[in-house]
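Residue numbers start from 1 in every chain, and the chains themselves are labelled A, B, ... in the order their sequence lines are given, proteins ahead of strands.
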Amino acid sequence: MEITPRILKGFRDFLPPAEIRRKELVRILEDSFRSFGFVPIDTPLLEYAEVLLGKGGGETDKQVYRFNDHGGRDVALRFDLTVPFARYMAMHRNELNLPFKRFHINKVFRGENTQRGRYREFTQCDFDIVGTDSVSADLEIVLMITSAFAALQIPGVTVHISHRGIFNRFLQAHQVQDQSVEILRTVDKLRKVGEEETLQTLQTLTSPEVAEKTLAFIGASGSFQEILTTLESLAGGPCPESQTLREIGTALETLVTPGTVILDPSITRGLDYYTGVVFETFLKGAEGIGSVCSGGRYDDLVSLYSKEAMPGVGASIGLDRLLAGLEELGQLPGTTAAADVLITMQDAALTAHYHELGQRLRARGIRCEVYPEAQKLGRQFAFAERKEIPLALVCGLREHQDGTVNLRVLETRENHQDLTEEQALEIIHGLLPR
RNA sequence: GUGGAUGUAGUUCAAUGGUAGAGCGCCAGAUUGUGGUUCUGGUUGUUGCGGGUUCAAGUCCCGUCAUCCACCCCA
């Protein structure tokens with residue numbers, strides 16, 4: 001009896017065109033991170049459940065994959081890259097130079113229900129600066145986000161930034177900090193539900209007066225600095241948190257395209273461990289897919305594992321969600337070409353010659369593959385085109401004797417006849433985009 | 001996890017409870033060294049899976065798996 005091939009809900013196979021695209025995005029991101037001096041690390045997929053979940057083991061929210069291994073250990077698959085990183089820093093802080101800037105691109109697992117751009121196995125691209133509470137680090141993370149998306153050549157990206165503490169100050173100023181969780185949840189739905197309903201819900205939670213002010217706080221409009229001034233006045237005047245935001249906002253004026261980074265006081269949630277600035281990033285036209293890069297500052301992350309404080313700031317790009325968003329926008333970038341050149345097989349007797357040709361092309365930086373069977377040329381051309389290989393080399397007995405090759409541009413069906421290898425190389429290099 | 005929609009050939013879609021079909025694609029040939037046209041012939045199914053009702057189920061019922069949507073949460 002054969003087993004039906006199938007895969008788990010929320011887990012996926014990737015066909016070559018999709019995987020080529022993913023790898024290309026990752027390559028660009030790695031280059032981008034490295035250009036800022038971030039260095040790569042990796043950690044195990046599987047960890048002690050206690051390490052990932054804390055002593056309490058409250059995995060209810062995270063929907064963690066958790067089980068006992070063969071040795072009876074209570075283990076779990078990592079559900080993000082930040083918590084393992086905290087454990088990593090607690091274990092290796094003496095081997096690392098602080099401040100430490102790392103990036104980490106790998107898969108994480110959450111047993112939550114699936115949706116477009118939401119899977120149970122997905123890839124996160126984390127980048128963090130730890131060991132400093134400098135505003136410079138906060139600023140650099142924002143700059144890293146905008147630079148990464150610029151490197152990916154994705155237009156219409158906006159980074160929404162806020163500060164955990166400033167909304168808390170507002171709540172304290174109106175003595176409603178006890179309802180902060182409910183208020184945050186309500187406020188988060190503003191764009192989805194509308195002002196009217198949000199106001200009503202807030203009124204039942206607080207008072208009509210506070211509800212009005214909350215809405216004014218959340219809906220503050222204008223430039224970065226104008227919004228900040230509004231927030232300060234509603235939260236009881238300037239404070240260290242607003243000062244941080246002001247510094248970041250001022251610096252960004254000359255660092256990024258205007259309108260790329262928006263002060264958005266409704267960005268108040270995020271993971272529990274954020275204590276300072278928080279960010280979410282949206283694709284214009286695909287806001288429904290959610291944030292494609294979120295993060296913030298955490299000042300007590302390592303406290304779970306160590307007495308010493310380890311402040312940090314970082315963010316994470318959701319690669320799969322980003323790809324789903326780009327697909328929705330019809331903006332999937334990059335080519336999925338398997339190679340630059342197909343060396344066609346005209347005559348099986350010349351097999352060795354074709355591979356020698358291939359080796360010489362590869363030595364010159366050209367990706368090429370040799371077609372393995374002497375089939376009709378039309379068939380070999382169609383094969384190349386399906387794999388998005390733009391060029392084909394044709395060499396039969398005649399050309400082999402003359403020491404020449406023919407080069408065909410598949411898209412235009414244009415032929416370059418009787419070329420020496422050097423001439424062919426020159427034309428190939430001229431035709432390839434890089 | 002809760003609620004809802006969907007699931008038919010490689011793909012896009014048909015089929016009043018009564019023989020599972022069409023376009024596109026794919027394969028072969030006309031065309032043995034150059035594939036976009038044309039013509040001829042050919043190919044494709046455990047109707048997601050498992051039960052049930054019925055003389056008869058792609059169609060109705062139940063379960064299950066998967067996808068999508070909303071909630072929740074988040075990347």
- Query: Does any donor-acceptor pair link the side chain of A:Arg6 with the base of B:rC65 at a separation under 3.5 Å?
  - Reply: no
- Note on the structure: Contacts satisfying side-chain hydrogen bond (donor to acceptor under 3.5 Å, both in side chains) that involve residues 140-150 of chain A (not counting sequence neighbours) are A:Lys101-A:Glu140
- Earlier contact from the 5' end, RNA chain B, for A:Phe381 and A:Arg12: A:Phe381
- Separation of B:rG36 P from A:Gln380 CD (nearest whole Å): 15 Å
If you restrict it to nitrogen or oxygen atoms, what contacts under 3.5 Å exist between nucleotides 37-44 of chain B and the protein, and what is each distance?
none

- Message: Any side-chain to backbone donor/acceptor pair from A:Glu241 onto A:Arg164? Under 3.5 Å, distance only.
- Response: no
- Could you tell me whether A:Gln375 contacts a base, only the sugar-phosphate backbone, or nothing, with contacts defined as non-hydrogen atoms closer than 4.0 Å? nothing
- Among residues two or more places apart or on two chains, list those pairs meeting side-chain hydrogen bond (donor to acceptor under 3.5 Å, both in side chains) that have a residue in residues 129-138 of chain A. A:Asp138-A:Arg297
- Item | Range-with-range stems of RNA chain B (Watson-Crick or G-U pairs under 3.5 Å, three or more in a row) | B:1-7 with B:65-71, B:10-13 with B:21-24, B:26-30 with B:38-42, B:48-52 with B:60-64
- Message: Can you tell me whether the side chain of A:Gln63 and the base of B:rG1 have a donor-acceptor pair closer than 3.5 Å?
- Response: no
- Task: Would you mind reading off the distance between A:Glu280 atom CD and B:rA75 atom P, rounded to a whole angstrom?
- Result: 8 Å
- Message: With rounding to the closest Å, how many angstrom separate the P atoms on B:rC62 and B:rG23?
- Response: 37 Å
- Between B:rG10 (C1') and A:Leu15 (CG): distance, integer Å: 12 Å
- Out of A:Ile289, A:Leu283, A:Thr123, which residue meets the side chain to side chain contact (heavy atoms under 4.5 Å, CB included) rule with A:Arg321? A:Ile289
- Message: Under 4.0 Å between a side-chain nitrogen and a carboxylate oxygen: does that hold for A:Arg110 and A:Glu121?
- Response: no
- Distance-only polar pair, side chains of A:Ser162 and A:Asp264, donor-acceptor under 3.5 Å: no
- Query: Contact class for A:Arg116 vs. all strands (heavy atom < 4.0 Å): base, sugar-phosphate, or nothing?
  - Reply: sugar-phosphate
- Does the side chain of A:Gln115 get closer than 4.0 angstrom to OP1 or OP2 of B:rA70 through an N or O atom? yes
- For B:rC24 and B:rU19, measure between their C1' atoms and round to the nearest Å. 26 Å
- Task: Please state how far atom CZ in A:Arg386 lies from atom P in B:rG36, giving the value in whole angstrom units.
- Result: 13 Å
- Query: A:Phe33: what forms a ring pair (Phe, Tyr, Trp, His ring centres under 6.0 Å) with it, not counting sequence neighbours?
  - Reply: A:Phe103, A:Phe127
- Which whole number of Å gives the distance between the C1' atom of B:rA9 and that of B:rA14? 13 Å
- Would you indicate, yes or no, if B:rA75 has its OP1 or OP2 atom less than 4.0 angstrom from a side-chain nitrogen or oxygen of A:Arg78? no
- Query: When the P atoms of B:rG4 and B:rG25 are considered, how many whole Å apart are they?
  - Reply: 42 Å
- Output field: ring centroids A:Phe383/A:Tyr371 closer than 6.0 Å: yes
- Take atom CD in A:Glu287; do more than 12 heavy atoms of anything else shown fall under 6.0 Å from it? yes
- Message: With salt bridge (charged side-chain N to carboxylate O under 4.0 Å, His left out) as the rule and sequence neighbours excluded, what pairs involving residues 389-405 of chain A come up?
- Response: none
- Item | Per-nucleotide protein contact string for nucleotides 3-9 of chain B (B base, S sugar-phosphate only, - none; heavy atom under 4.0 Å) | -------
- Task: Scan side-chain atoms only and decide if A:Gln172 and A:Arg169 contain a donor-acceptor pair under the 3.5 Å cut-off.
- Result: no
- Message: Rounding to an integer number of angstrom, what distance separates B:rA57 and B:rU8 when you compare their C1' atoms?
- Response: 14 Å
- Message: Measuring from the side chain of A:Arg413 (C-beta onward, heavy atoms only), which nucleotide among B:rA75, B:rG36, B:rC73 has the closest atom?
- Response: B:rG36
Quick one: side chains of residues 408-415 of chain A, donor-acceptor pairs under 3.5 Å with protein atoms, not counting sequence neighbours, listed by atom name and distance.
unit_1: A:Arg408; atom_1: NH1; unit_2: A:Asn415; atom_2: OD1; d: 3.4
unit_1: A:Thr412; atom_1: OG1; unit_2: A:Glu414; atom_2: N; d: 3.3

- Any side-chain donor-acceptor pair under 3.5 Å between A:Ser291 and A:Ser294? yes
Close N/O contacts between protein and nucleotides 30-33 of chain B (under 3.5 Å):
unit_1: B:rG33; atom_1: N1; unit_2: A:Glu399; atom_2: OE1; d: 2.9
unit_1: B:rG33; atom_1: N1; unit_2: A:Glu399; atom_2: OE2; d: 3.1
unit_1: B:rG33; atom_1: N2; unit_2: A:Glu399; atom_2: OE2; d: 2.7
unit_1: B:rG33; atom_1: N2; unit_2: A:Asn406; atom_2: ND2; d: 3.2

- Message: Counting distance alone, no hydrogens or angles: does the base of B:rC73 have a donor or acceptor under 3.5 Å from a partner atom on the side chain of A:Arg110?
- Response: no
- So what does A:Gly10 touch, heavy atoms closer than 4.0 Å: a base, only the sugar-phosphate, or nothing? sugar-phosphate
- What pairs with A:Pro265 under side-chain contact (heavy atoms from CB on, under 4.5 Å), at least two apart in sequence or on another chain? A:Phe217, A:Ile227, A:Leu231
- Hey, is A:Arg360 close enough to A:Glu421 for a salt bridge, meaning N to O under 4.0 Å? yes
- Item | Between B:rG35 (P) and A:Glu373 (CD): distance, integer Å | 20 Å
- Message: Counting only heavy atoms and a strict 4.0 angstrom limit, can you tell me which residues of residues 29-37 of chain A come near RNA chain B?
- Response: none
- Side-chain donor-acceptor contact under 3.5 Å, A:Tyr298 with A:Asp128: yes
- Item | P spacing across the pair B:rG7 / B:rC13, given as an integer number of angstrom | 11 Å
- Which nucleotide in the list B:rG35, B:rA75, B:rU67 gets nearest to the side chain of A:Lys9? B:rU67
- Using the P atom on both, measure B:rA22 against B:rC60 and round to a whole Å. 24 Å
- Query: Any idea which of B:rG35, B:rA75, B:rC72 is nearest the A:Gln124 side chain?
  - Reply: B:rA75
- Query: What nucleic acid atoms does A:Tyr119 come within less than 4.0 Å of, heavy atoms only: base, sugar-phosphate, or nothing?
  - Reply: base
- Salt bridge check: are A:Arg27 and A:Glu30 linked by an N-O gap of less than 4.0 Å? no
- N/O donor-acceptor pair, side chain A:Arg408 with base B:rG35, under 3.5 angstrom: yes
- Any donor-acceptor N or O pair under 3.5 Å, side chains A:Ser316, A:Asp80: no
- Atom-pair distance (CZ on A:Arg120; P on B:rC65), nearest Å: 10 Å
- Message: So, does A:Thr114 get its side chain near the phosphate of B:rA66, meaning an N or O under 4.0 Å from OP1 or OP2?
- Response: no
- A:Leu410 near the nucleic acid: base, sugar-phosphate alone, or nothing, with a heavy-atom cut-off under 4.0 Å? base
- Message: Just to verify, what does A:His104 make a ring pair (Phe, Tyr, Trp, His ring centres under 6.0 Å) with, not counting sequence neighbours?
- Response: none
- Item | Pairwise P distance for B:rU6 and B:rU38, with rounding to whole Å | 39 Å
